[in-house]
Number of protein chains: 2
Amino acid sequence: MPAKSTDTKQEILSIARDLLKKVGYNAFSYSDISKQLNIKNAAVHYHYPTKEDLLADIVNTYIEDYKQLESGLAHSTLPAIDKVSVFADRYAHLIDLQSICIIGSVASDFYTLPEAVKDRVILLTNLVLGMVANVLEKGRTNGELFFAEDARTKALLIMTNLAAGVQLARITGKKDFESIRTALIAQLKK
Amino acid sequence: MPAKSTDTKQEILSIARDLLKKVGYNAFSYSDISKQLNIKNAAVHYHYPTKEDLLADIVNTYIEDYKQLESGLAHSTLPAIDKVSVFADRYAHLIDLQSICIIGSVASDFYTLPEAVKDRVILLTNLVLGMVANVLEKGRTNGELFFAEDARTKALLIMTNLAAGVQLARITGKKDFESIRTALIAQLKK
DNA sequence: TATAATACTTACTTACTAATAAGTAAAAAA
DNA sequence: TTTTTTACTTATTAGTAAGTAAGTATTATA
């Protein structure tokens with residue numbers, strides 16, 4: 001008696017998302033996924049014929065997730081600094097999950113990725129950067145945030161701090177990430 | 001007629017270093033290396049019995065390289081801002097080689113790395129961060145550089161900008177890295 | 001000149017990878 | 001109630017991975 005297909009497919013996706021962020025695209029296999037679900041290797045192929053299909057779906061779910069976050073932030077009345085903190089918190093949480101951000105993960109494996117996925121990754125990355133830049137620009141206009149660079153550049157600075165900060169935390173510990181987080185929030189306040 | 005062993009070993013090391021930075025630890029094989037040198041797979045195993053041995057030697061060469069850079073910078077009379085630029089230039093160069101920095105590479109693959117290597121990676125990372133922090137602290141003491149954070153934190157901020165900037169350049173192009181580079185140099189001047 | 005070490009090649013093993021074909025039981029649709 | 005679809009399992013394939021054992025030239029040493 002097989003479980004509802006959509007459940008299994010969602011679980012595959014969820015496990016694959018975690019593995020991608022934990023060990024990267026080239027270091028997880030269909031077997032890693034199937035073992036966690038107590039199903040066979042071929043069952044994963046039933047839902048995702050190729051690993052490329054699976055990766056594409058993972059990236060697409062992140063695009064959807066970030067679109068939702070974007071519209072959530074756009075309608076939110078949170079102070080701009082708290083919106084930035086939302087991002088910082090998300091990255092801090094990755095450390096506890098022994099993960100890095102997907103963009104960092106796929107960037108590291110970029111030249112081994114299927115071509116079709118690269119375009120979706122580019123879309124995802126610009127979505128995230130654009131969203132952060134918007135938050136920053138609005139915050140500056142409202143007199144809530146202070147920075148000298150153009151908004152895109154400041155978004156690049158902050159997101160690279162966070163993304164590499166999470167990677168670095170694997171090596172030197174979470175304390176370094178917290179120093180980064182504290183510093184970049186402080187910078188925006190003056 | 002086999003070539004001088006040390007030559008082959010050095011070439012293996014050099015190719016492996018490049019592959020590590022290009023595709024990561026899990027995405028290159030002994031076959032990738034042997035093909036480039038027109039030797040057999042087993043010849044690589046002769047010089048490096050296991051992939052762990054090879055990775056350990058790679059990390060150790062980077063430790064040596066950075067120790068040399070450290071003493072070079074310590075004795076240099078270059079303005080502090082130019083010393084920072086040395087780092088930025090190194091990272092910019094990685095983009096042209098389709099590479100990312102080793103620390104970023106091994107951080108992404110950290111949980112799939114052999115245990116013995118992790119300690120050397122920690123050493124390497126703290127070496128680099130310490131060196132940058134030293135340059136920054138000296139520069140501030142001399143009135144050449146300006147920043148509000150403690151030197152370690154500012155080193156973290158700059159190195160995460162550079163490391164993730166190089167990764168991001170794979171996705172969105174080198175222009176974003178140049179924005180980052182320009183901004184962080186400008187920040188240090190006022 | 002004999003011996004030993006060096007730097008390989010040939011040939012192989014074990015283990016895993018993504019992927020597929022064919023079969024099966026349960027559920028849904030006709 | 002029959003048929004079809006769904007969601008798998010079983011079994012297999014072709015390819016590649018790291019790693020090894022045994023053999024072979026070449027070079028260095030005694």
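Labels below follow one simple rule: chain letters A, B, ... track the order of the sequence lines, proteins then strands, and each chain is numbered from 1. FYI, side chains are in, hydrogens and waters are out, and symmetry mates aren't considered; it's all heavy atoms of this structure.
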Looking at Y111(B), is R170(A) sitting on its ring face, NZ or CZ under 6.0 Å from the six-membered ring centre and within 45 degrees of the normal? no
Answer yes or no on whether R17(A) is positioned over the face of Y62(A), meaning its NZ or CZ is under 6.0 Å from the six-membered ring centre and within 45° of the axis. yes
For residues 95-107 of chain A, which side-chain donor-acceptor pairs fall under 3.5 Å, sequence neighbours excluded?
residue	atom	partner	partner atom	Å
D96(A)	OD1	K174(A)	NZ	3.0
D96(A)	OD2	K174(A)	NZ	3.3
S99(A)	OG	L97(A)	O	3.1
S105(A)	OG	L20(A)	O	2.9

Contact state string [nucleotides 11-24 of chain C, B base, S sugar-phosphate only, - no protein heavy atom under 4.0 Å]: ------SSBB----
Is it true that the NZ or CZ of K40(A) lies under 6.0 Å from the centre of Y46(A)'s six-membered ring and within 45 degrees of the ring axis? no
Residue pairs passing the ring pair (Phe, Tyr, Trp, His ring centres under 6.0 Å) test where at least one lies in residues 7-32 of chain B, sequence neighbours excluded: Y30(B)-H45(B)
Atom CG of L37(A) and atom P of dT9(D): how far apart are they, to the nearest Å? 10 Å
How long is the line joining CD1 of I39(A) and C1' of dA25(C), in whole Å? 16 Å
